[in-house]
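Here's the structure we're looking at; comments come further down.
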Amino acid sequence: MKITLKDGSVIEYAAPKRAIDIAADISPGLARNAMAAIVNGEDRDLRFLIEDDAELELVQFDSAAGAHAFHHSSAHLLAQAVQHLYPGVKFAIGPAIDNGFYYDFEFAEPIGLEDLEKIEAEMRRIVKQDIPIERYTLSRSEALQWAKDNDETYKIELISALPEDETISFYKQGDFTDLCAGPHLMSTGQIKAIKLTSLAGAYWRGDEKNKMLTRIYGTSFPKKSDLDQYLELLEEAKKRDHRKLGREMQLFAFMDEGPGFPFFLPKGMVLKNTLMDYWRQVHKRYEYQEVSTPIMLSQKLWENSGHWEHYRENMYISQIDGEDFAIKPMNCPGSMLIFKSEQHSYRDLPLRMAEVGLVHRHEKSGVLHGLMRVRAFNQDDAHIFMTLDQIADEVEQVVHLIDEVYRHFNFKYHVELSTRPEDSMGSDEEWDRATTALSNVLDKLEIPYIINEGDGAFYGPKIDFHLEDSIGRTWQCGTIQLDFQMPRRFELEYIGADGERHLPIVIHRVAFGSIERFIGILIEHYAGKFPFWLAPVQVKILSVSQAVEDYALDVLSELKTNGIRAEIDVRDEKIGFKVRQAQMEKVPYSLIVGQKEAETGTVSVRVLDQGEAGSLSLTELLDKLHAENSRGNS
RNA sequence: GCCGAAGUGGCUCAGUGGUAGAGCAAUUCACUCGUAAUGAAUAGGUCGUGAGUUCAAUCCUCACCUUCGGCUCCA
């Protein structure tokens, strides 16, 4: 048989051979570092016996498939350790996830964080023993018998859900056996670096009606140094936490009196307004009109829009003069009413109506998270009313706009296409048409995307933009949603070239998504060190001694007159102390002024994280700052 | 909402069944200073809220509120 490797080379064997043995033939290092095999495109064990001509890829930890096998075996290792320490525990599921693994257990007695260390120690002990991992298969009925014999209620349920004729694979390492599709490592000895990271409750099968199990999260690496590097990344993320920086930099706050409702402090407001100035410039250039619609509207409107039926549990309800009203969770119905308030010609279309609207949504208390998940937020919303044949051009233009905005902040991003959810309105035919329209645009622009089955809005499919921040985390921000339903429900119309009434199509779209969340992401992306144009305080003037206070104040007023956001520190403190404080406040430029500067009409410039940058005259300084500020223009 | 953890001066955190401390910050004073912490003094807390146990509760018990880590959900 012929084995074709990834690099195109071919090895021939007279008899069937296991993937691991082929790896050993290629090099001992590969045999040692390989985690799994991909045979003819399918994920397999290294112990998989290749019997015919095949394409073979041997994957190591640096590939997704290799890491997956490694983490998956780590999950089994965790389960084995738990079995040793807590006899009688019941096992649910234990998959690999990004950056690690978890396993769900049903413990007889609750365990605490201090137990994790014990479990970790037991895991290390099993690793030292270097126990071989073996694979075998059983028929469905044999597997079921195994689960019943061991009183594994969750496994019984898992096996019962499989087809009758299914052959089920098992993995056994010493005294621990688990049913599992694999692939798995050859032996426990390969898992050199382990860290159990957290303990959490999780519902069986993710359904809140089911029993709550105990989930143990962990991460693992083939090398200790890789684990350390990962733990450092977690530390870095902690330092960047927008909740911590938001408080330290006095940007926003949360109060017990309004859980999930952010308060913006003066500096946070400067940030927000600067961001919105940029946003308005972009949208003016893309020919959007801006509107504003009420926060509270009659319940009848929400019944008409479908929100009452599909979105009610997230809405805040109130009454005015005995009539039921709801606080808007979305901006669209308001915009529909504006469109409807006038007669439109096909010549008006596409009509791009933007609204930075404040929406309120009742989120469950457990999901609130700083600015990332709040109960009141501003959406940089827009509704584009258009004809059927304008769909492609308009969607394309929105894709360009979002791309431009993300690039402005140096974000990379990827795109997902979400299709019809179960709870939705409209006909299959319209959903197909809308979904195809979106995918056609992505195909035309050659933008790769993954499909998110059943994750669309209740009124239409959507393109989601997931941006990636400076330390590699992704966040969903922009979306483009195509809607045939709302225009019909609101009986929108325009007069076509033929003089007849026609139904317009609507695009709902956001670029930032939520201004609040976007600000949270920016804080973490920049670690609080905003680019000059966006920084709430751009310049801080530090006087060396009281003798130059007057000059320092002159510099301040000159900067302010020129539209620079400047602060001054003329306290009776040493210059080193003031410099330190200004750096910790993450102000982009510190201007040190002393006797020398006062006499020559200059300032000594210090750049955040870079140090001293020489002296400039006031005119030179203003030129420089104006140039920097213009980066905030679109 | 559910599981687990936490809540002590503006911030970070000690601490004890006999009504509380530290560092930073703040205020005042002295120093008048050249690029990441000058020194001293002062002030500031009914220990998240409510109830219970106790001679006595910040500490033990219960309920509630908020926050944190997850689950589910999501911009």
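In what follows, every chain begins at residue 1, and chains take the letters A, B, ... in the order their sequences are listed.
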Distance, [atom1] atom - from [M] to [N], rounded to whole angstrom:
N	M	atom1	answer
rC62(B)	rG39(B)	P	48 Å
rC55(B)	rC71(B)	P	47 Å
rU66(B)	rC47(B)	C1'	16 Å
rG15(B)	rG21(B)	P	15 Å
rG10(B)	rU27(B)	C1'	13 Å
rU58(B)	rA20(B)	P	10 Å

Exercise. Is Lys586(A) positioned over the aromatic face of Phe530(A), cation under 6.0 angstrom from the ring centre and no more than 45 degrees off axis?
Worked result: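 No.
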
For this session: Check the pair Val579(A) / Gln581(A) against side chain to side chain contact (heavy atoms under 4.5 Å, CB included), numbers first and verdict last.
Result: CA-CA 5 Å; Val579(A) 166; Gln581(A) 196 158 329; over 6 Å; no

Problem set entry | Stem regions touching RNA chain B, defined by at least 3 consecutive Watson-Crick or wobble G-U pairs below 3.5 angstrom |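 Correct response: B:1-7 with B:65-71, B:10-13 with B:21-24, B:26-30 with B:38-42, B:48-52 with B:60-64.
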
Looking at [N], I'd like to know if its phosphate oxygens (OP1 or OP2) sit under 4.0 Å from a side-chain N or O belonging to [X].
X	N	value
His369(A)	rC74(B)	no
Arg247(A)	rU12(B)	yes
Tyr217(A)	rC71(B)	yes

For [X], answer base if it contacts any base atom (sugar-phosphate contacts may also be present), sugar-phosphate if it contacts only those atoms, and nothing otherwise; contact means non-hydrogen atoms under 4.0 Å.
X	answer
Glu248(A)	nothing
Val374(A)	base
Arg517(A)	base
Phe518(A)	nothing
Lys462(A)	sugar-phosphate

Problem set entry | Worked verdict on Lys267(A) versus Glu567(A) for salt bridge (charged side-chain N to carboxylate O under 4.0 Å, His left out) | CA-CA 12 Å; Lys267(A) 283 178 184 163; Glu567(A) 284 188 353; 3.5 Å; yes

Each nucleotide N or O in nucleotides 64-67 of chain B that has a protein N or O under 3.5 Å away: list the pair and distance.
| unit_1 | atom_1 | unit_2 | atom_2 | d |
| --- | --- | --- | --- | --- |
| rU66(B) | O2' | Asp256(A) | OD1 | 2.9 |

For residues 546-555 of chain A, tabulate all N or O donor-acceptor pairs below 3.5 Å that involve a side-chain atom, not counting sequence neighbours.
| unit_1 | atom_1 | unit_2 | atom_2 | d |
| --- | --- | --- | --- | --- |
| Gln546(A) | NE2 | Asp572(A) | OD1 | 2.9 |
| Tyr551(A) | OH | Thr602(A) | N | 3.1 |
| Tyr551(A) | OH | Thr602(A) | O | 2.7 |

[X] has an atom [atom1]; how far is it from atom [atom2] of [N], in whole Å?
X	N	atom1	atom2	answer
Gln476(A)	rC73(B)	CD	C1'	13 Å
Leu371(A)	rC74(B)	CG	C1'	15 Å
Glu106(A)	rG4(B)	CD	P	13 Å

Exercise. How many angstroms lie between CD1 in Ile507(A) and CE in Met353(A), if you round to the nearest 0.5 Å?
Worked result: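 So the gap between those two atoms works out to 14.0 Å.
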
For this session: Examine the side chains of Tyr154(A) and Glu106(A) and answer whether a donor and an acceptor come within less than 3.5 Å of each other.
Result: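 The criterion, which ignores hydrogens and geometry beyond distance, is satisfied for Glu106(A) and Tyr154(A).
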
Seminar exercise, completed: With B for base contact, S for sugar-phosphate-only contact and - for none (protein heavy atoms under 4.0 Å), nucleotides 27-41 of chain B reads ----BBBBBBBB---

Exercise. Got a sec, which pairs hit side-chain hydrogen bond (donor to acceptor under 3.5 Å, both in side chains) with one end in residues 604-614 of chain A, sequence neighbours left out?
Worked result: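 Residue pairs passing side-chain hydrogen bond (donor to acceptor under 3.5 Å, both in side chains), neighbours aside: Lys529(A)-Asp609(A).
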
Exercise. Where the side chain of Arg240(A) meets the backbone of Glu524(A), is there a donor-acceptor pair that is under 3.5 Å apart?
Worked result: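 Yes, because the side chain of Arg240(A) sits within donor-acceptor range (under 3.5 Å) of the backbone of Glu524(A).
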
Problem set entry | Side-chain-base donor-acceptor pair under 3.5 Å for Tyr203(A) and rG1(B) |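 Answer is yes: a donor-acceptor pair is held.
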
Problem set entry | Pairing residues for Asp104(A) by the salt bridge (charged side-chain N to carboxylate O under 4.0 Å, His left out) criterion, not counting sequence neighbours |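 For Asp104(A), the residues satisfying salt bridge (charged side-chain N to carboxylate O under 4.0 Å, His left out) (neighbours in sequence not counted) are Arg215(A).
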
Problem set entry | Test ring pair (Phe, Tyr, Trp, His ring centres under 6.0 Å) applied to Phe518(A) and Phe409(A), Trp279(A), Tyr278(A), Phe377(A), the passing residue |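 Result for ring pair (Phe, Tyr, Trp, His ring centres under 6.0 Å) with Phe518(A): Phe409(A).
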
Exercise. Would you say the side chain of Phe465(A) lies within less than 4.5 Å of the side chain of Asp403(A), judging by non-hydrogen atoms?
Worked result: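 In short, these two side chains do not touch, never coming nearer than 4.5 Å.
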
Exercise. Would you call Ile119(A) and Leu196(A) a side-chain contact if the rule is heavy atoms closer than 4.5 Å?
Worked result: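 With C-beta onward as the side chain, the pair touches.
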
